[in-house]
> 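Handing you a structure now.
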Amino acid sequence: MADPLPLTADNNGDPNAPQLSLQAVYLKDCSFESPAGPRVEGNWNPQISLDLQTSTNEIQPPLREVVLTVTVSAKQGDKTLFLVEVKQAGAFVMANLTEDDGKRAIASLCPGVLFPYARAMVSQLVTQGGFPQLLLPPVNFEALYMDAAASQASQAVRN
């Protein structure tokens, strides 16, 4: 496992020390669609799909916005019961990070901070839509990042 990145703005006065610190968390966008409302024929046994995407843009150096998009759909048979999309964002100070540490922060550490907020919003939207509470499972963003990095490395070796 890689060495942990410092998550503090206080680096013992060293202006060149790596910094990663959270400045703000906010809901950037959300939507909830339920074509037929909470009416379900038969037993409640939906197929739930979860999609996670992370994007980033620079606000003003060294401040970056990281956006975690969580999309959840529930289908029963061929009917869509609901579709939820939450874009949870955070403003992070990222200074003096190596390229690899910056990629890791954006793909692993920042989404790990944002996910609990997005998870709560998904649950709230689904419940307010009249459906049973939906609690998304925890996500190990570090493992996802490491798997993606390993896959990229093996793909590069093949080419």
> Could you grab the distance from atom OG of Ser34 to atom CD of Gln128, nearest 0.5 Å is fine?
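Ser34 atom OG to Gln128 atom CD measures 13.5 Å (nearest 0.5 Å).
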> Going by the side chain to side chain donor-acceptor pair (under 3.5 Å) test, which pairs reach into residues 69-78, not counting sequence neighbours?
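Passing the test, one end in residues 69-78: Ser49-Ser73, Thr71-Glu85.
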> To the nearest 0.5 Å, tell me how far Arg64 CZ sits from Leu20 CG.
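Output value for this atom pair is 11.5 Å.
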> For the pair Thr127 (side chain) and Ser123 (backbone), establish whether a donor and an acceptor sit closer than 3.5 Å, ignoring hydrogens and angles.
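Checking the backbone N and O of Ser123 against the side chain of Thr127, a donor-acceptor pair under 3.5 Å is found.
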> Under a single-linkage definition using a 4.5 Å side-chain heavy-atom cutoff for Ile, Leu, Val, Met, Phe, Trp and Tyr, are Val67 and Val84 assigned to the same hydrophobic cluster?
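No, no single cluster joins them.
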> Tell me, please, which residues at least two apart from Glu99 pass side-chain hydrogen bond (donor to acceptor under 3.5 Å, both in side chains).
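Expected list: Lys103.
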> Below 4.5 Å, heavy atoms only, C-beta onward: do Val72 and Leu83 meet side chain to side chain?
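Not touching, per the 4.5 Å side-chain cut-off.
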> More than 12 heavy atoms of other residues, nucleotides or ligands under 6.0 Å from CD of Glu58: is that the case?
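Correct, the count exceeds 12.
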> Looking at every heavy atom in both Pro46 and Ala74, which two are closest together, and how far apart are they?
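Closest pair (atom of Pro46, atom of Ala74, distance): CB-CB, 4.2 Å.
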> To the nearest 0.5 Å, how far apart are CD in Gln19 and CG in Asp14?
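Output value for this atom pair is 9.0 Å.
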> What residue pairs, at least two apart or across chains, pass ring-ring contact (aromatic ring centres under 6.0 Å, His included) with a residue in residues 44-86?
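For residues 44-86, and leaving out neighbouring residues, the ring-ring contact (aromatic ring centres under 6.0 Å, His included) pairs sorted by first residue read Trp44-Phe131, Phe82-Phe131.
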> Using a distance-only test with no angle check, is there a side-chain donor-acceptor pair under 3.5 angstrom linking Gln23 and Ser21?
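Their side chains do contain a donor-acceptor pair, which is all the 3.5 Å distance test asks for.
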> Would you mind reporting whether Leu81 and Arg39 have side-chain heavy atoms less than 4.5 Å apart?
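No, their side chains stay 4.5 Å or more apart.
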> Under a single-linkage rule joining Ile, Leu, Val, Met, Phe, Trp and Tyr whose side-chain heavy atoms are separated by less than 4.5 Å, which residues share a cluster with Tyr26?
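Members other than Tyr26 - counting any ILVMFWY side chain reachable under 4.5 Å - there are none.
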> Which hydrophobic side chains are connected to Leu63, either touching it within the sub-4.5 Å cutoff or through other members that do?
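In the cluster with Leu63 are Ile59, Val93.
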> First locate atom CG of Asn57, then atom CD of Glu65, and finally report the distance between them rounded to the nearest 0.5 Å.
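Output value for this atom pair is 4.5 Å.
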> Can you tell me how far apart OG1 (Thr54) and CD (Gln88) are? Round to the nearest 0.5 Å.
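Spacing of OG1 (Thr54) from CD (Gln88) equals 12.0 Å.
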> In a table with atom names and distances, give each donor-acceptor pair under 3.5 Å that connects a side chain of residues 105-122 to protein atoms at least two apart or in another chain.
residue: Ser108; atom: OG; partner: Glu142; partner atom: N; Å: 3.4
residue: Ser108; atom: OG; partner: Glu142; partner atom: OE1; Å: 2.6
residue: Arg119; atom: NE; partner: Leu136; partner atom: O; Å: 2.4
residue: Arg119; atom: NH2; partner: Leu136; partner atom: O; Å: 2.7

